[in-house]
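Order of appearance sets the numbers: ligands from 1, and atoms from 1 within every ligand.
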Amino acid sequence: MTEKQNLLGLDLDALTAELQAAGHKPFRAKQLLRWVHQRGEADFACMSDLAKDFRAELQNRYTVATLTPIVDKISSDGTRKWLFDVGDNNAIESVFIPEDDRGTLCISSQAGCTVACPFCSTGYQGFNRNLTTAEIIAQLWYARAELLKNQSAARTDGQLPVEPLRVISNVVMMGMGEPLLNYRELLPALKLMVEDNAYGLSRRRVTVSTSGVVPMMDRLAEDCPVALAVSLHAPNDDLRDRLVPLNKKYPLRELLAACNRYLAHAPRDFITFEYIMLDGVNDSDQHADELIAIAKEVRCKLNLIPFNPFPQSGLKRSSNNRVRAFAERLQAAGVITTTRKTRGDDIDAACGQLAGDVKDRSRITQKRRGDEVIPVADGVIPIYEVQK
Ligand code: SAH
Ligand code: SF4
């Protein structure tokens, strides 16, 4: 018998085509998506408004297979982190960040990452594999079901829980991995996130964060324009080549041009530039001035990210005063600048701390390339090649 297909991996077009090929009407696909993604139903037998025969047929051909968490931690600030087993000693992480006016789920696109930025613990892990569409969506499916369960349990006044889709109002592809280097699996997942019959999220509330995979930024603009965050981290090629090694392939000129092309399609009228604040590396007044020049070329908002240290990096977070002075210099020049609040660091859920690899850390050494290191402040920045 052929293996059953996981419905979590099929977007509306794919499911419609499958069901039509089996002689069913296109609206069945929408109905099925609503059961699976909106009601969170994994058991075909419970899909009460579908004909018995159809349910049996679905049962034979499909499953709704979610991920299994191996760790589920809640931070003192309410941030919640799941570590999911994805087989072969690989694990990935998802983080839910509740705020007053929204709930953001940060999800992973790859187990590990080939870009190997020296300030990122995912980068230190090497690259294990791309996640499938079903694995990307399963993070959302699972988190939503869990949060909803907790919410219903917490209600004692007999009222219905908050409308389920509001629990997670935003999704950011800022977990482990470089989403645009896994474009084939990412695209149907994004389509499900914004599909009315699935998660129905606004395109403005789904954000892809990229280290700057220029050709795929153009593809995304055409195929499914959602909000875009670009991990800039350095205002010139010399430094960016070292901090975001993919820059050697797609240097700043090309990246900024791609940002401007993206803006023509984007659901928001700005690109978010992420800029990690590393003590003595990229946080001087001169760096700020170079950034101001960049901000004049691309309609953007700048998000300063205090570096979350981890032992191997040899890098340090800029002082609060330095971050403030840097932000003020940018703001004085008219650049809209915010500083990211660190969340969930007591459970290692903060940005850059996601290193879901559970056992096989020996891979790190095998996967690391190029031994060149340069002294920076009192640490070193190792330089890696981008894997082909
Ligand atoms: N690969 C994509 C998306 C995942 S990384 C990208 O690089 O954009 C998501 C964000 O986490 C990036 O902006 C990255 O710079 C940030 N990040 C990585 N390591 C970090 C660390 N140690 N401290 C704070 N932020 C970090
Ligand atoms: Fe990969 Fe992003 Fe981490 Fe760089 S910051 S290593 S691109 S996950």
Quick check on contacts: which atoms of ligand 1 are under 4.0 angstrom from a heavy atom of [X]?
{"X": "Ile276", "result": "20 (C), 21 (C), 23 (N), 24 (C), 25 (N), 26 (C)"}
{"X": "Cys120", "result": "18 (C), 19 (N)"}
{"X": "His233", "result": "13 (O), 14 (C), 15 (O)"}
{"X": "Phe307", "result": "21 (C), 22 (N), 23 (N)"}
{"X": "Ile305", "result": "13 (O), 24 (C), 25 (N)"}

Donor on one side chain, acceptor on other, [X] and [Y], under 3.5 Å:
{"X": "Ser231", "Y": "Glu274", "value": "yes"}
{"X": "Glu195", "Y": "His37", "value": "no"}
{"X": "Glu185", "Y": "Asn130", "value": "no"}
{"X": "Asp77", "Y": "Ser75", "value": "yes"}
{"X": "Thr210", "Y": "Glu178", "value": "yes"}

Practice prompt. Please report which non-hydrogen protein atom sits nearest to atom 3 (Fe) of ligand 2, along with the residue it belongs to and the distance in Å to one decimal place.
Written response: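 Result for atom 3 (Fe) of ligand 2: Cys120 SG, 2.4 Å.
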Discussion item. Need the ligand 2 atom indices (1-based, order shown) with element for anything under 4.0 Å from a heavy-atom of Ser211.
Written reply: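 Those atoms are 7 (S).
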Worksheet item: Hey, which atoms in ligand 2 end up nearer than 4.0 Å to a heavy atom of Ala116?
Response: 6 (S)
Pick from [options]: the one approaching [atom] most closely through a non-hydrogen atom:
{"atom": "atom 8 (O) of ligand 1", "options": "Ser108, Pro306, Pro309, Ser231", "value": "Ser231"}
{"atom": "atom 1 (N) of ligand 1", "options": "Ser109, Gly177, Gly175", "value": "Gly177"}
{"atom": "atom 13 (O) of ligand 1", "options": "Met174, Glu274, Met176, Met173", "value": "Glu274"}

Worksheet item: Any non-hydrogen atom of Arg340 lying under 4.0 Å from ligand 1?
Response: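 No, Arg340 has no heavy atoms under 4.0 Å from ligand 1.
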Item to complete: Mind checking whether Cys117 contacts ligand 2 via backbone (N, CA, C, O), side chain (CB onward), both or neither, at a 4.0 Å heavy-atom cut-off?
Response: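 Near ligand 2, Cys117 shows its backbone as well as its side chain.
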Worksheet entry | Heavy-atom side-chain contact between Val64 and Leu8 under 4.5 Å | yes
Item to complete: Tell me whether Cys113 has at least one N, O or S atom under 2.8 Å from atom 3 (Fe) of ligand 2.
Response: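 It does not; every qualifying atom lies at 2.8 Å or beyond.
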